[in-house]
Amino acid sequence: MSNIERMMSAEEKKALEALIFQLADDDFLFSYRGSEWLGLAPHIEEDVASSSITQDSMGHAAMYYKLLEDLGLGKADDLAHLRPAQERKNSVLTERVNGDGYYMDTPQYDWAYTVVRSYFYTQAKRAKINSLRESSYEPLRDIAVKVSMELYYHVMHWKLWFEQLLSSTEEAKSKMVSALKLVVDDMGDLFSYGEQKELIERFDLIDSEEKIQNNWLEALRPTFEKLKLDLPIIPEPKLNGRNGQHTDELQTAIDTLSEVYRLDTATNW
Amino acid sequence: MVTMRAMTADEKMEYFMERIESGDKIQADDWMPEEYRQTLIKLISMHGISEIMGALPEKEWVPKAPSLYRKLGIMAKVQDEMGHGQLLLRVAEDLMKPYGKTRGDIMQDLFNEDLKFHNVFHMETKTWADAGLIGWLVDGAAIITQTNMLDASYGPYAKALQRICAEEVFHAQHGESIIMALAEGTKEQQAMVQDALNRWWPALLMFFGPPSKATTGASKQEATIKYRIRKNTNEELRQSFLDKYIPRILSLSLTIPDDTLHFDQEKKHWVYQQPDWTEFKNIIKNNGPKSQARLNLRRSSYENNAWVREALSAVVE
Ligand SMILES: [Fe+2]
Ligand SMILES: [Fe+2]
C-alpha cells in the first residue's frame with residue numbers, strides 16, 4: 001500500500017480520492033434510502049430480500065471509506081458521518097427521498113420509484129464495477145471482485161421487479177412510468193466524474209464516463225425492448241453531486257445518519 | 001383394501017395425547033383436536049406478528065446507528081426478525097388452511113386488533129442504548145421463552161424455533177456488544193444505559209406474562225403446557241431470566257431499579273417488585289405507549305403497498 005502511494009503523483013492521488021469518494025458516498029446514501037424501507041416493504045419476503053441488498057451496499061460503502069482511511073484521509077466513520085452535504089460526492093439520484101414523509105413517522109413511500117431507482121443504480125454500479133476490475137489501482141480491483149458477486153444478485157432482483165411491475169396492472173404501469181420520469185430527470189450526474197473527470201480518466205482508474213454510460217444503456221436495452229419502452233435519454237445535470245451540488249434532501253439524510261455519532265465522535269460506540 | 005372401523009372422537013383424542021406424551025411430533029396434516037389447532041394458531045400467529053412488529057422499534061435506530069459497523073450489525077438483526085416473522089407466519093398459515101384463511105387474514109386480524117402482538121414491542125425507544133438493550137435483554141428473554149418450546153409437540157413449530165433460537169443467540173451478542181461499549185464508555189454513555197435499563201425493567205418483567213390467571217384474568221399457559229407445546233410456567237421462565245441476567249447486569253456496574261430485589265435463599269427464587277399488571281392489561285389491549293403508532297405504521301404501509309401486491313398477483317395469473 002505505502003509503495004503504491006509513494007509512486008503516485010499528487011495529481012493521481014487527487015483523482016483517486018475523488019473517485020473513491022464518489023463510489024463511497026453513492027453506496028452510503030443508496031443503502032440509507034434502502035434502510036428506511038426496513039419493515040415496510042410490500043411483503044415480508046421482499047423485506048428480507050431487499051434488506052440483504054441494503055446491507056451489502058452499506059458493506060461496500062464501508063470498504064471504500066476504509067480505503068480512504070488507508071490513504072490518510074481520516075477515520076472511515078468520520079468520513080461517512082461527519083462530512084457536510086457540500087463535501088459529499090454522491091449522485092443526486094442516491095440522495096432523493098423514497099417518497100413523502102419521514103421514516104420515523106408514517107411515511108408514504110413509493111415502491112415504483114424505489115424499483116426504478118434501484119434497478120438503474122445497481123445496473124450503473126455494475127458498469128462501473130466491471131470497469132474497476134481493470135483499474136490501474138490494485139485495491140480498487142480487489143474491491144471490484146468482491147462487489148461483483150453480490151451485485152449480480154442485486155441487479156437480477158431489481159430487474160425482475162422492474163419487468164414485473166411494467167407488465168402488470170394499469171395502475172402499476174402508470175406508477176412505474178411516473179417513477180421512470182422522476183429517476184431519469186435526476187440522472188444527469190450519475191455517470192459524471194465531476195471536476196476530476198480528466199484526471200480520473202487519464203490515470204486509467206476507470207473507463208470514461210461515456211463508455212460506462214454506454215455500457216449501462218446496452219445492459220438495459222434487452223429489457224427495454226422486451227417491454228417496448230424507449231431507452232432513457234440522460235439529461236444534462238441540473239446539480240452535479242460529484243462537485244458537491246446537492247438537494248436539501250441530502251443534508252436531512254446526513255443529519256439522521258450521524259445523529260448518534262455526533263454526540264461524541266471521539267468515543268467508542 | 002382393508003377397512004378399519006373409524007375411530008371415535010374419544011379414541012382419536014386418546015391416541016393423540018399418547019403420541020405427544022411419548023414425544024412424537026404432530027405434523028400439519030395429522031389429525032389434531034380443535035383446541036390444539038386453535039391454541040397453536042393463536043400462539044404462532046401472535047409469535048410471528050410480534051417478530052414483525054418487533055422489527056419496528058429497532059428499525060428506528062438502523063440509520064442512526066453510530067458507526068458503519070453498528071449500522072451493518074443492526075440491519076442484519078432487523079432482517080433476521082422479519083425472517084422469523086416470515087417463517088412463523090408460514091407455519092401458522094398451514095394450520096389455518098382448514099378454515100380457508102391466509103396471511104392476509106392474519107394481517108387483517110392485527111389491524112382489527114383481534115390479534116395482539118407481544119407487550120414488549122409496545123414500548124417507546126428513546127436513545128441508542130435502547131437499541132442495545134433490546135438486543136441484549138429482550139432477545140435474551142426471547143431466547144428463554146423460545147428454547148422452552150424447542151421440544152414443542154407440533155413439529156413444524158419446533159423446527160422453526162430451532163433456526164430462530166440459533167439466530168437469537170447472535171442477536172443477544174450483538175446487543176451485549178453495544179451495551180458493553182456504552183458501559184465501558186464515557187459518563188454520558190454510561191448514563192444512557194442506566195436510563196434505558198430504568199425505563200425497560202418493568203417491561204422486561206412483564207415480558208414473560210402474568211404469574212397466574214388470577215393476575216390478569218386470562219392466561220394461555222395451561223393449554224400450552226397440557227399439549228406439550230411449552231414446558232415451564234411464566235414465573236419459572238421469569239426466574240430463569242433473573243438467574244441469568246441479574247449477575248450480568250450488576251457486573252456492568254448498572255443498578256437495577258428495584259430496592260426490594262433479592263434472592264430468597266430458602267425458597268430459592270428471586271423476590272422482586274411486581275410490575276404494574278393493570279398497565280400490562282392496558283398494553284396488551286393496544287393501549288401501550290407506542291401501540292397505536294406502530295399499528296398505524298403497519299396499517300398505512302400495508303395499504304400504501306396494496307397496489308404492489310395486486311400487481312404481483314396479476315403477473316402470476
Ligand atoms: Fe426473533
Ligand atoms: Fe431476535
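Residue numbers begin at 1 in each chain, while the letters A, B, ... track the order of the sequences.
Residues A:Asp77 and B:Tyr69 have side chains not in contact (no heavy-atom distance under 4.5 Å, counting atoms from C-beta outward). With a 4.5 Å cut-off on side-chain heavy atoms, B:Pro63 and A:Glu259 do not count as touching. Under the 4.5 Å side-chain criterion, counting only non-hydrogen atoms from C-beta, A:Leu263 is not in contact with B:Glu188. Counting heavy atoms from C-beta outward, B:Asn304 and A:Trp111 have side chains that stay 4.5 Å or more apart.
Contact count against chain B (heavy-atom pairs under 4.5 Å) is highest for A:Ile44 among A:Ile44, A:Val115, A:Thr256, A:Thr169. Ranked by non-hydrogen atom pairs under 4.5 Å with chain B, the options A:Ser52, A:Ser31, A:Ser258, A:Ala61 are led by A:Ser52. For the set A:Met104, A:Glu170, A:Gln55, the entry with the most heavy-atom pairs within less than 4.5 Å of chain B is A:Gln55. Interface summary for chain A: among B:Ala55, B:Ser67, B:Ala293, the most heavy-atom pairs under 4.5 angstrom belong to B:Ser67.
Contact annotation for B:Ala76: both backbone and side-chain heavy atoms come within less than 4.5 Å of a heavy atom of chain A. Heavy-atom distances place no part of A:Ser50 under 4.5 Å from chain B, backbone and side chain included. Interface remark: B:Gln86 contributes backbone and side-chain atoms alike to the contact with chain A (heavy atom separation under 4.5 Å). Heavy atoms of A:Asp264 lying under 4.5 Å from chain B belong exclusively to its side chain. Neither the backbone nor the side chain of A:Ala266 comes within contact range of chain B; no heavy atoms are under 4.5 Å apart. For B:Arg90, the part lying near chain A is the side chain, with the backbone staying farther off; criterion is any non-hydrogen pair under 4.5 Å. The part of A:Lys175 that comes within reach of chain B is its side chain, from C-beta onward, which places non-hydrogen atoms under 4.5 angstrom from that chain. Residue A:Glu45 touches chain B through both its backbone and its side chain, counting heavy-atom pairs closer than 4.5 Å. B:Leu297 touches chain A through backbone and side chain together, each having a heavy atom under 4.5 Å away. Contact of A:Ala41 with chain B is made through the backbone alone, with heavy-atom distances under 4.5 Å. Of the two parts of A:Met58, the backbone and the side chain both hold a non-hydrogen atom closer than 4.5 Å to a non-hydrogen atom of chain B. Proximity to chain B is limited to the side chain of A:Ala80, based on heavy atoms less than 4.5 angstrom apart. Residue B:Ala306 does not touch chain A at all, counting heavy-atom pairs closer than 4.5 Å. Contacts of A:Ser35 with chain B are made by both backbone and side-chain atoms, with heavy-atom separations under 4.5 Å. Of the atoms belonging to B:Arg299, not a single heavy atom falls under 4.5 Å from chain A.
Minimum interatomic distance between A:Trp269 and B:Arg70 (heavy atoms only, all atoms of both residues): O-NE, 2.8 Å.
In this structure, A:Arg262 contributes its side chain and B:Pro66 its backbone to no donor-acceptor pair below 3.5 Å. Between the side chain of B:Lys59 and the backbone N or O of A:Leu38, at least one donor-acceptor pair lies under 3.5 Å. B:Gln79 contributes a side-chain N or O that, together with a main-chain N or O of A:Val48, makes up a donor-acceptor pair within less than 3.5 Å. Side-chain atoms of A:Tyr103 come within 3.5 Å of backbone atoms of B:Glu60 as a donor-acceptor pair (strictly under, hydrogens ignored). Side-chain atoms of B:Arg309 do not come within 3.5 Å of backbone N or O of A:His43 as any donor-acceptor pair. With hydrogens and angles disregarded, no donor-acceptor distance shorter than 3.5 Å links the side chain of B:Lys71 to the backbone of A:Gly59.
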Verdict with supporting geometry, B:Lys64 and A:Leu257, side-chain contact (heavy atoms from CB on, under 4.5 Å): CA-CA 5 Å; B:Lys64 299 181 180 180; A:Leu257 283 157; over 6 Å; no
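Between the OG1 atom of A:Thr106 and the CG atom of B:Leu295 there is a distance of 12.5 Å, given to the nearest 0.5 Å. Distance check, rounded to the nearest 0.5 Å: OH of A:Tyr109 to CG of B:Asn305 gives 12.0 Å. Rounding to the nearest 0.5 angstrom, the gap separating the CH2 atom in B:Trp307 from the CG atom in A:Asp110 is 6.5 Å. Atoms OG and CG, on B:Ser300 and A:Leu40 in that order, are 7.5 Å from each other to the nearest 0.5 Å. Between the CD atom of A:Glu46 and the CG atom of B:Leu312 there is a distance of 9.0 Å, given to the nearest 0.5 Å. Rounding to the nearest 0.5 angstrom, the gap separating the OG atom in B:Ser301 from the CG atom in A:Asp47 is 8.5 Å.
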